[in-house]
Structure formats: C-alpha cells, structure tokens
Amino acid sequence: MNVLKLIANGLAAWALLWPGSPVMADWQANPDDRLQERAAKAMDKVRSKIERSAPYFEDAYAMAVWPGITRVGFGFGAAYGKGIVIEGDDAVGTVSYWQGSSGIQAGAKNLTMIIFFKDKESLEALKQGKVQFTGQAGLDIATVGVAGTPAYSEGVAIITATNLGLMAEFSAAGVKFNFKPYAK
C-alpha cells in the first residue's frame, strides 16, 4: 500500500472532521438577496485591501459582515448598519449594528466592518445581543482609513475599512447587536 496516499487520505479526513473547521471560503451569496451580494463584495474588498485579514478568513469559525455602517458625530454620535452572519459555509441570519458615542468627534463616514469569531462561544455572544462598550480614536479622509484589532481578543477580531467620509474622533461608545436568524 502506498504510504504517502494513506497519509494524504488521513489528513484530508482529519481536516473535514476537525471541530470548528471553517469553510467560509465555500460560502456563496444568494443572488436573490441584495444584502448577501453586498456582503460578498465587501469581503472581497477587505481581502484585497487589507493583507492582514487573510488569516482571519481562513481560520475563523464564523463572521459577521456589514457592507456599510454609517456613522455621524459632532460631540455626540450615532451609527447604524445591517449585515449578515456566516457560520461555516452558511448565511445563518442578519444582524444590525447600533452605536451611540460621546467624546471629541466630528464628521461622518461609511465603513465596512467584519467581525471574525474564533469559536462558537464568541459567536453566541453576538447572537444574544449583548451591549459592548468600546473606545475609538481615528481619522478618516475620503476612502482612506483602516482599523481593526491586531489579534483575537475574547474570541473576536474586528477589521474595518472606510468606504467614504471625513471624520476625526476620540470617543467612547456603546454598541448593540440585534441578530435575526433566517427562517429554516
């Protein structure tokens, strides 16, 4: 028996059976769903624009993709966006993003945001809609502006890319997620 073939077959079976193995590379947007089509384009944009995102796309258990979140602020600010949640190779639902902020901020912008979830437990926190508190600092001009976490923190990593805007900020914010599963 060919030992190399046996090893290759064993590794292939192991990769398929490994719990939490991501297969998001196989996810295809539903062409009848405009939000999914926009999310697929946003994912392609982040992959091509932000090199350091590649390992997250390969290793994440799941991700939430917002093709566009609009933020407006002048002392106080707010943001809203609607996206999709992809678990494995399936879009499992939609998720809205609500943010209220206060601090030194002025301007408006639209951004793409992807949250990568390292495991099922971190994804469940999003599905439960827990409020998160964040601190932000940044400067975005036109389409220039990229931000994100350098590594997973508490099971999540966030990458954002500015679509358009002019905004400067140093603020604190509260973020609320509302997950709605797709009907089975």
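Residue numbers count from 1 along this sequence.
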Does A29 have any side chain to side chain contact (heavy atoms under 4.5 Å, CB included) partners at least two apart in sequence or in another chain, and if so, which?
W27, Q36, E37, A40
Gap between atom CD1 of I115 and atom CZ of F177 - 0.5 Å precision:
4.0 Å
Restricting to non-hydrogen atoms, name the atom on F57 and the atom on M43 that form the minimum distance, rounded to 0.1 Å.
CZ-O, 3.9 Å
Can you confirm whether E124 is buried at CD, in the sense that more than 12 heavy atoms of other residues, nucleotides or ligands lie under 6.0 Å from that atom?
yes
Pairing residues for Q128 by the side-chain hydrogen bond (donor to acceptor under 3.5 Å, both in side chains) criterion, not counting sequence neighbours:
K130
List the steps and the verdict of side chain to side chain contact (heavy atoms under 4.5 Å, CB included) for V65 and M113.
CA-CA 6 Å; V65 182; M113 182 169 75; over 6 Å; no
So, using side chain to side chain contact (heavy atoms under 4.5 Å, CB included) as the criterion, who are the partners of A79 when residues are at least two apart?
I69, R71, Y97, Q99
Close aromatic pair by centroid cut-off 6.0 Å: F116 and Y61
no
Nearest-0.5 Å distance that lies between atom CZ in R38 and atom CG in D33
10.5 Å
Closest contact, heavy atoms only, A64 versus L126:
CB-CD2, 4.4 Å
Less than 4.5 Å apart, any side-chain heavy atom of P67 and any of L35?
yes
Just jot down the side chain to side chain contact (heavy atoms under 4.5 Å, CB included) partners of K41, sequence neighbours excluded, or say none.
none
Rounded to the nearest 0.5 Å, what's the gap from CD on E169 to OG on S101? Could you check?
7.0 Å
Which residue is it: L123, V92, T94? I am looking for the one with a side-chain contact (heavy atoms from CB on, under 4.5 Å) to F179.
V92
Taking salt bridge (charged side-chain N to carboxylate O under 4.0 Å, His left out) as the definition, give me every residue that meets it alongside D32, ordered by chain and number, with sequence neighbours left out.
none
Could you check whether atom CZ of F76 has more than 12 heavy atoms from other residues, nucleotides or ligands sitting under 6.0 Å from it?
no
Salt bridge (charged side-chain N to carboxylate O under 4.0 Å, His left out) against K82, all qualifying residues, sequence neighbours excluded:
none
Test side chain to side chain contact (heavy atoms under 4.5 Å, CB included) on E87 and M63; report intermediate values, then the result.
CA-CA 7 Å; E87 186 174 0; M63 68 176 126; over 6 Å; no
Does either side chain, that of K45 or that of N163, offer a donor lying less than 3.5 Å from an acceptor on the other one?
yes
Taking only residues two or more places apart in sequence, or in another chain, which ones meet Y80 in a ring pair (Phe, Tyr, Trp, His ring centres under 6.0 Å)?
W98
Please report the closest heavy-atom contact between F74 and A106, naming both atoms and the distance.
CD1-CB, 3.9 Å
Would a distance-only check, ignoring hydrogens and angles, find a side-chain to backbone donor-acceptor pair under 3.5 Å from S122 to G155?
yes
Check E154 with K118, please: is the shortest side-chain N to carboxylate O separation under 4.0 Å?
no
Give a yes or no on whether the backbone of A42 and the side-chain of T112 come within a donor-acceptor separation of less than 3.5 Å.
no
Please identify each residue that fulfils side-chain hydrogen bond (donor to acceptor under 3.5 Å, both in side chains) with T70, with sequence neighbours left out.
N110
Any idea which heavy atoms bring S53 and I50 closest together, and the distance?
OG-O, 2.7 Å
In Å, rounded to the nearest 0.5 Å, how long is the span from CD1 of I159 to NZ of K49?
12.0 Å
Quick one: does Y56's side chain get under 4.5 Å of V46's, heavy atoms only?
no
About how many Å separate NZ of K127 and CG of N178, when rounded to the nearest 0.5 Å?
15.0 Å
Nearest 0.5 angstrom please: W66 CH2 to T160 OG1, how far?
12.0 Å
Looking at residues at least two apart in the chain, or sitting in another chain, which of them share a side chain to side chain contact (heavy atoms under 4.5 Å, CB included) with E121?
D119
